[in-house]
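Here is the structure we will look at.
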Amino acid sequence: MRFAVSVAVLAAFALPVYSQNEDSVVVTASRTEQRMRDAIPHVTVLTARDIRDSQALDLPSLLMRETGFEFSQNGGVGTVTGIFLRGGRSAQALVLIDGLRLEDAGFGAAAFQHIMLDQIERVEIVRGNVSSLHGSSAVGGVIQVFTKRGRGTPAPSFEATLGSRGTAKVRAGYGGEVGGTRFNLTVSQFDTSGFSAINPNLAPNANPDRDGYRNTSLAGSLSHRFSPQHEAGATVFSTRGRVDYDSAFGAPTDVHKSAQDLGNASVYWEARWLSWWKSRFTLGQGSDYRTDTLNGNFAGNSNTVSRQFIWDNEIRLAPEHLFTVGAENLRQTLANSGFTRLLRRDAGTFRGGYLGHIGRHSLQLNARRDDYSDFGTANTYFTGYGFDLTDVWRLTASASNAFRAPTFQDLFGFGGNAALRPEQSRTSELGVQWAAGPHRLRVVAFDTKYEDAITFDNVTFTVRNVRKASVRGFESSYTGSIMDFDLRASFTVQDPMEQEPNAQALQAIRRAKTFGSFSAFRSFGAWRLGGEVLASGARPDTNIVSGARLLEAGHTIVNFTARYQFDKNLYVAAKLENALGEKYQLVHGFNTPGRGVFLTIGYQP
């Protein structure tokens, strides 16, 4: 397994050199548009073509091939999913949808298992401390999802999928441009009968029946350019997930269900007041509503509402020198059945940044101050340097810090502590990049140390700033094309360690020390064929029933895809998932998908 991944990475190093071309544009790494090759943080862009090639159904299955990214899932599609970005925990990775935060204010994590790919146009992943750009939780990094926008002559699109485990999906959309107006609307419905979330051989009290999932999603956008200097628009995103799940405790006849609605809506106005000054005002609201039932009876709920105001400014005093200034306001409320009152927090933010190029030298500086109503202030920074050895080779270095605000559960839940300080982390990085023609290879060594990490103290039965944690390692990512094969490769070696109070430092649970992927796609006339290998080493976990620490074996997953284009609009596609029928667990006691076949027909102008 490790040998196969290593060969894939070594192959990326052995590629021939071509002339430099322009590459993708990213915004998450600096909050302003820049070429991906110029970004100092380690960033990856997944385009509409990458999403189409993968034939993945949801965001977790799309990102599982990316360097530095791991996830856990308590069963099949739609069940509770944890994000581990650069060895951090779920609450230490920030998820954005069109620039707005997606999170449950109770526990600080994002329910991104409900984000299907039908509404998504592109995804940007930035690794490492970028709280100075995006605020709380941007510790392990940021995953930003961009929903679809209208382009070209207005036209409809359609797609239908049938497959294993009673899976069915339908998507329809309409969008395009008329004069200065762009619009798009995409809706989808997904259903699957699934499989039993828990293996009853490991947890006899779990219900052995199938656990299905249903998702209804919608994304819309509308914008109009009134003049070369002014544009205004609005976006809306909504996803409704209904999932059956299992518990290892209770009776084998218990029926657990969860209904979760995620959404956000925003309006913006972008104005170029002067040739050197551009502003963007954004007003948005995000929500996360979840209700659980047990045997048809209410078991609990949690409703988060996040209102955001963002004012971004770009000031370009010279072609190679860009200053950014921004102000933000965040108001979050949480209504949770575990609390007797509505909880609320307000956070005000001021930030500034600089991007500069002098000859072969590049510099990125960012600073930010967040002032929270319930715990005080947090100051963060990012200092990055890039040096172009040649037109294709580049060295990067950075030092940064980040923070995670205590959640409402940390502050006011069982054992809550209103005196908690925010978690802090500090990271240093060294990287090398090779960007030539269609190729981009990046290798980064990183070292992160956490301070004031929040944990529950089993001695005092209170939440305290006492946990110690660290992660160091290196990660590599490659995209390119050789002999008409479009290739992607990733490889991560890391050592994530966590230490509870008065305990031995141990490898963090559900995080492997090595993992990687390799994929290849090629067009043969009207056909486009592809395959990928996803591999992970062993990782520690806890027994689903007893809680005792154990070691989960590594795994290797192989997927194959095919797509046939009848004409420029009509296509059929097929995917063989987990072709080797690998049996593995992402969380001890919880089942994962076996071999599956999925067939798709679609119309996309």
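Side-chain contact check for Leu334 versus Arg345: every heavy-atom pair is 4.5 Å or farther apart. Under the 4.5 Å side-chain criterion, counting only non-hydrogen atoms from C-beta, Leu96 is in contact with Val142. No side-chain heavy atom of Thr239 sits less than 4.5 Å from a side-chain heavy atom of Asp261. Counting heavy atoms from C-beta outward, Gln73 and Val587 have side chains that stay 4.5 Å or more apart. You'll find the side chain of Thr28 stays beyond 4.5 Å of the side chain of Arg31, heavy atoms only. Within the 4.5 Å cutoff, no side-chain heavy atoms of Pro41 are placed close to those of Val43. Contact of the Phe84 side chain with the Arg510 side chain is registered, since non-hydrogen atoms from C-beta on lie closer than 4.5 Å. Counting heavy atoms from C-beta on, the side chains of Asn313 and Thr324 never come closer than 4.5 Å.
Thr455 and Glu500 form a side-chain donor-acceptor contact under 3.5 Å, judged by distance and modelled atom types alone. A donor-acceptor contact closer than 3.5 angstrom is absent between the side chains of Arg442 and Thr44. With 3.5 Å as the limit, one finds no donor-acceptor pair spanning the side chains of Ser477 and Thr67. Checking Asp288 against Gln260 by side-chain atom types alone, a donor-acceptor pair falls below 3.5 Å. Side-chain polar atoms of Gln494 and Glu70 form a donor-acceptor pair below 3.5 angstrom. Judged by distance alone, the side chains of Thr460 and Thr462 do bring a donor and an acceptor atom under 3.5 Å apart. Using modelled atom types and a 3.5 Å distance limit, the side chains of Asp370 and Thr349 yield a donor-acceptor pair. For the residue pair Glu423 / Gln92, a side-chain donor-acceptor distance below 3.5 Å is found, with atom types taken as modelled. At a cut-off of 3.5 Å, with distance as the only test, no side-chain donor of Asn401 or Thr380 sits close to an acceptor on the other residue. A donor-acceptor pair shorter than 3.5 Å cannot be found between the side chains of Asn301 and Tyr289. A donor-acceptor contact under 3.5 angstrom links the side chains of Gln585 and Glu552, judged on distance only. At a cut-off of 3.5 Å, with distance as the only test, a side-chain donor of Ser258 or Arg290 sits close to an acceptor on the other residue. The closest side-chain donor-acceptor pair between Thr448 and Ser425, if any, does not fall under 3.5 angstrom.
Without hydrogens or angle criteria, Arg37 side chain to Arg35 main chain gives no donor-acceptor distance under 3.5 Å. For Ser137 (side chain) and Ala91 (main-chain N/O), a donor-acceptor pair under 3.5 Å exists by modelled atom type. Side chain of Asn465 to backbone of Arg421: a donor-acceptor contact under 3.5 angstrom is found. The backbone N or O of Asn543 sits nowhere less than 3.5 Å from a side-chain atom of Ser546 that would complete a donor-acceptor pair. At least one donor-acceptor pair under 3.5 Å links the side chain of Thr81 to the backbone N or O of Thr79. Under the 3.5 Å distance criterion, the side-chain polar atoms of Asp312 are left unmatched by any main-chain donor or acceptor of Arg280. Ser306 places no side-chain N or O within 3.5 Å of a backbone atom of Gly286 that could act as its donor or acceptor partner. No donor-acceptor distance shorter than 3.5 angstrom exists from the side chain of Arg344 to the backbone of Gln332, with no hydrogens or angles considered. Between the side chain of Glu124 and the backbone N or O of Val27, at least one donor-acceptor pair lies under 3.5 Å. Panel note: side chain Thr407, backbone Gly108; no donor-acceptor pair is recorded below 3.5 Å.
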(message) Pair Arg127, Glu429 - check salt bridge (charged side-chain N to carboxylate O under 4.0 Å, His left out), show working.
(response) CA-CA 11 Å; Arg127 300 160 184 85; Glu429 297 183 24; over 6 Å; no

(request) Dump the intermediate steps for salt bridge (charged side-chain N to carboxylate O under 4.0 Å, His left out) on Glu451 and Arg426, then the final yes or no. (result) CA-CA 8 Å; Glu451 302 172 6; Arg426 297 182 184 277; 3.6 Å; yes

(message) Quick one, Arg488 with Glu66, criterion salt bridge (charged side-chain N to carboxylate O under 4.0 Å, His left out). Give me CA distance, side-chain angles, the key distance, then yes/no.
(response) CA-CA 9 Å; Arg488 295 184 69 90; Glu66 298 306 314; 3.3 Å; yes

(message) Test ring pair (Phe, Tyr, Trp, His ring centres under 6.0 Å) on Phe414 and Phe456; report intermediate values, then the result.
(response) CA-CA 9 Å; Phe414 177 74; Phe456 184 82; 5.8 Å; yes

(request) Could you give me the CA-CA distance, side-chain angles and deciding distance for His357 and Ser362, then say whether side chain to side chain donor-acceptor pair (under 3.5 Å) is met? (result) CA-CA 5 Å; His357 300 273; Ser362 301; 3.0 Å; yes

(request) Verify side chain to side chain contact (heavy atoms under 4.5 Å, CB included) between Phe515 and Met64, making sure each step is shown before the conclusion. (result) CA-CA 10 Å; Phe515 57 95; Met64 65 189 295; over 6 Å; no

(request) Could you walk me through whether Phe146 and Asp98 pass the side chain to side chain contact (heavy atoms under 4.5 Å, CB included) test, one step at a time? (result) CA-CA 5 Å; Phe146 297 88; Asp98 294 327; 4.1 Å; yes

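A 6.0 Å sphere centred on CG of Leu342 holds more than 12 heavy atoms belonging to other residues, nucleotides or ligands. Within 6.0 Å of CZ on Arg369 lie no more than 12 heavy atoms contributed by other residues, nucleotides or ligands.
Relative to the six-membered ring of Phe446, Arg86 meets both conditions, a distance below 6.0 Å and an angle of at most 45° to the axis. Cation-pi geometry between Arg341 and Phe412 is met: under 6.0 angstrom from the ring centre, within 45 degrees of the axis.
Between Arg65 and Glu532, at least one side-chain N (NZ, or NE/NH1/NH2) sits under 4.0 Å from a carboxylate O, which counts as a salt bridge. Looking at Asp410 and Arg404, a side-chain N of the basic residue comes within less than 4.0 Å of a carboxylate O on the acidic one, giving a salt bridge. A salt bridge links Asp447 to Lys449: one of the charged nitrogens lies within less than 4.0 Å of a carboxylate oxygen. At a threshold of 4.0 Å, the pair Arg368-Glu328 counts as salt-bridged, since one of the basic side-chain nitrogens sits closer than that to a carboxylate oxygen.
Here Ser132 pairs with nothing under the side-chain hydrogen bond (donor to acceptor under 3.5 Å, both in side chains) rule; sequence neighbours left out.
A ring-centre distance under 6.0 Å is not found for Phe112 and Phe71.
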